2 protein chains.
Amino acid sequence: MKSDHHRSPMGLTKNQTLVFGALSHAEGPLSAYAILDQLRDKGFRAPLQVYRALDKLISLGLIHRLESLNSFVACQHPECDDRESMVFAICEICGKVSELADDSLENQIKTLAKRNGFSMKTCAIELRGHCRDCRPN
Amino acid sequence: MKSDHHRSPMGLTKNQTLVFGALSHAEGPLSAYAILDQLRDKGFRAPLQVYRALDKLISLGLIHRLESLNSFVACQHPECDDRESMVFAICEICGKVSELADDSLENQIKTLAKRNGFSMKTCAIELRGHCRDCRPN
DNA sequence: ATGGCATGTGTTATAATGTAACGCAATCGA
DNA sequence: TCGATTGCGTTACATTATAACACATGCCAT
């Protein structure tokens with residue numbers, strides 16, 4: 001374990017640990033400013049402290065950004081470092097987000113791209129609808 | 001053709017026509033504020049004028065919102081009113097966006113959602129990578 | 001070991017994106 | 001004709017995101 005600054009358990013710095021913790025314990029996605037507000041009493045004062053930690057956590061694959069919500073969630077899978085395509089199901093009623101996985105889908109999309117002369121690197125898929133709990137049929 | 005206000009060719013109002021025109025003639029996606037700037041000399045003064053037109057055009061299926069870019073593009077298909085899943089390929093080099101279509105993909109995603117107890121209503125898919133022109137191999 | 005580099009931090013200020021709330025006007029339909 | 005709907009214009013504001021600067025820490029190649 002290579003340590004830079006003062007690092008905590010997973011090799012994260014203090015700020016990164018705090019931001020990751022906030023997202024891990026949240027019921028649903030959090031905006032950067034919601035995280036900032038939660039962490040004010042831990043010494044956070046400015047949005048950049050949050051955004052910088054978020055950038056790092058994303059690059060580590062520990063969290064994901066929900067483009068259509070301008071917010072962030074902790075990764076729900078043990079290991080999705082290597083995955084290029086995320087699928088998020090966003091419930092329009094309760095606001096909760098679940099992260100789906102389907103490798104064949106990823107391949108299919110990549111193939112669709114290639115057929116159109118596009119070399120895909122990453123892919124974000126965000127569904128809107130109703131989750132099981134909010135539409136129990 | 002039902003006319004409300006002063007309507008132009010396609011049943012659009014003046015503001016909607018101007019905004020749609022700006023997007024139609026653009027090389028790539030435009031942000032709301034980029035549209036606003038283009039239309040200042042047509043009398044546009046405030047972001048809401050743009051956003052309201054955008055909302056309407058989106059609901060008509062004439063344009064799409066790119067969630068990961070906070071910007072907008074004119075629809076490239078003659079008719080995609082009915083389509084629920086859009087696929088956009090965003091070139092990270094030239095910034096151009098192409099709109100792909102694949103019905104089987106839409107079904108596959110919907111099925112994936114259903115397997116996870118999620119009833120999908122709409123879906124946004126945004127790819128990042130290199131387009132044909134920017135990576136000609 | 002030391003000097004340069006990469007990374008992380010803290011701060012202030014500002015940019016970019018998006019809405020709320022008000023009043024008004026035009027059209028449609030019962 | 002009157003109420004509902006839709007659109008317009010405006011002011012003010014909320015939310016989301018970065019730029020720029022100064023400094024600290026650990027790595028590592030010389």
Side-chain angles (χ1 to χ4, degrees), chain A residues 1-20 22-23 28-60 62-73 95 124 126, chain B residues 1-20 22-23 28-60 62-73 95 124 126:
Chain A
M1 161 179 167
K2 25 184 50 183
S3 62
D4 267 73
H5 261 255
H6 320 284
R7 309 240 124 152
S8 290
M10 320 174 58
L12 300 178
T13 66
K14 174 168 153 283
N15 285 3
Q16 290 159 14
T17 304
L18 288 166
V19 169
F20 183 56
L23 284 171
L30 296 179
S31 73
Y33 281 76
I35 296 171
L36 175 57
D37 287 340
Q38 280 196 23
L39 297 181
R40 284 206 191 276
D41 54 357
K42 311 279 189 189
F44 274 55
R45 318 273 288 154
L48 258 195
Q49 296 174 287
V50 178
Y51 281 109
R52 292 199 274 223
L54 288 170
D55 286 345
K56 184 63 178 182
L57 293 167
I58 288 171
S59 78
L60 293 173
L62 292 174
I63 68 171
H64 304 295
R65 177 191 174 91
L66 293 167
E67 301 291 352
S68 67
L69 292 177
N70 293 324
S71 55
F72 305 85
V73 286
E126 300 184 13
Chain B
M1 160 178 166
K2 23 185 50 182
S3 63
D4 268 72
H5 263 256
H6 319 284
R7 310 239 123 152
S8 290
M10 321 174 55
L12 300 178
T13 66
K14 173 167 153 285
N15 284 4
Q16 290 159 14
T17 304
L18 287 167
V19 169
F20 184 57
L23 284 172
L30 295 179
S31 74
Y33 281 75
I35 296 170
L36 176 57
D37 287 339
Q38 279 197 22
L39 296 180
R40 284 205 192 278
D41 54 357
K42 310 280 189 188
F44 274 53
R45 317 273 289 157
L48 259 195
Q49 295 174 288
V50 177
Y51 281 108
R52 290 200 274 226
L54 289 171
D55 286 346
K56 184 64 177 181
L57 294 168
I58 288 171
S59 77
L60 294 173
L62 293 174
I63 68 172
H64 303 295
R65 178 191 176 91
L66 293 167
E67 302 291 352
S68 67
L69 292 177
N70 293 325
S71 56
F72 305 85
V73 286
E126 301 183 13

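It should be emphasised that the depicted structure is a prediction, and the values quoted were computed from it without experimental measurement. A note on names: the letters A, B, ... follow the listed sequences, proteins ahead of strands, and every chain is numbered from 1.
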Chemist: For A:Glu67, check salt bridge (charged side-chain N to carboxylate O under 4.0 Å, His left out) against everything at least two apart and list the hits.
Modeler: A:Arg65
Chemist: Which residues satisfy the side-chain hydrogen bond (donor to acceptor under 3.5 Å, both in side chains) test with A:Ser71, sequence neighbours excluded?
Modeler: none
Chemist: Strictly by side chain to side chain donor-acceptor pair (under 3.5 Å), give each pair with a member in residues 33-42 of chain A just once, sequence neighbours left out.
Modeler: A:Asp37-A:Arg40
Chemist: For the helix from C:dA1-D:dT30 to C:dA30-D:dT1, what angle separates the axis at the start from the axis at the finish, each from five pairs, in steps of 10°?
Modeler: 40°
Chemist: Could you give the distance from CZ (B:Phe72) to CD1 (B:Ile63), rounded to the nearest 0.5 Å?
Modeler: 6.5 Å
Chemist: Please report the distance, rounded to the nearest Å, between CD in A:Glu67 and C1' in C:dT17.
Modeler: 14 Å
Chemist: Rounded to whole angstroms, how far apart are CD1 on A:Ile35 and C1' on D:dT16?
Modeler: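 Rounded to the whole Å, the gap is 12 Å.
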Chemist: For D:dT6 and B:Thr13 - does any side-chain N or O of the residue sit under 4.0 Å from the phosphate oxygens OP1/OP2?
Modeler: no
Chemist: Nearest whole Å is fine: how far is D:dT10 P from B:Arg40 CZ?
Modeler: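 One finds 12 Å between P of D:dT10 and CZ of B:Arg40, rounded.
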Chemist: Test: side chain to side chain donor-acceptor pair (under 3.5 Å). Region: residues 47-59 of chain A. Which pairs qualify, not counting sequence neighbours?
Modeler: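 Output for this query is empty, none listed.
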Chemist: Can you tell me the distance, in whole Å, between the CG atom of A:Leu57 and the C1' atom of C:dT7?
Modeler: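 Roughly 14 Å, once rounded to whole Å.
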Chemist: Between D:dG9 atom P and B:Leu39 atom CG, what is the distance in whole Å?
Modeler: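 Taking atom P of D:dG9 as the reference, CG of B:Leu39 is at 12 Å.
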Chemist: Check each of B:Leu39, B:Leu30, B:Thr13 against B:Val19 using the side-chain contact (heavy atoms from CB on, under 4.5 Å) test, and report the only one that passes.
Modeler: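 It is B:Leu39; the other options fail the test.
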Chemist: Just jot down the side-chain hydrogen bond (donor to acceptor under 3.5 Å, both in side chains) partners of A:Asn15, sequence neighbours excluded, or say none.
Modeler: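 Counting only residues at least two positions away or on another chain, A:Asn15 forms no side-chain hydrogen bond (donor to acceptor under 3.5 Å, both in side chains).
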Chemist: Rounded to the nearest Å, what distance is computed from the CG atom of residue A:Leu36 to the P atom of nucleotide C:dG10?
Modeler: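 These atoms are roughly 12 Å apart.
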Chemist: May I have the distance from A:Gln49 (atom CD) to C:dT7 (atom C1'), rounded to whole angstrom?
Modeler: 16 Å
Chemist: Can you identify which nucleotide, out of C:dG8, C:dG10, D:dG9, has its nearest atom closest to the A:Gln16 side chain?
Modeler: C:dG8
Chemist: Below 4.0 angstrom from OP1 or OP2 of D:dT16, is there any side-chain N or O of A:Ser31?
Modeler: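 Looking at the OP1 and OP2 atoms of D:dT16, one of them is under 4.0 Å from a side-chain N or O of A:Ser31.
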Chemist: Is any side-chain nitrogen or oxygen of A:Lys56 closer than 4.0 Å to OP1 or OP2 of C:dT7?
Modeler: no
Chemist: Report, as a single string ordered 5' to 3', how protein heavy atoms within less than 4.0 Å touch nucleotides 18-23 of chain C: B base, S sugar-phosphate only, - not at all.
Modeler: BBBB--
Chemist: Starting at atom NZ of B:Lys14, determine the distance to atom C1' of C:dA26, rounded to an integer number of angstrom.
Modeler: 15 Å
Chemist: Looking at residues at least two apart in the chain, or sitting in another chain, which of them share a side chain to side chain contact (heavy atoms under 4.5 Å, CB included) with B:Thr17?
Modeler: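 Per chain and number, B:Thr17 pairs via side chain to side chain contact (heavy atoms under 4.5 Å, CB included) with B:Ser8, B:Leu12.
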Chemist: Identify which one of A:Leu62, A:Val73, A:Ile35 satisfies the side-chain contact (heavy atoms from CB on, under 4.5 Å) criterion when paired with A:Leu23.
Modeler: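 Of all the options given, the one that passes is A:Ile35.
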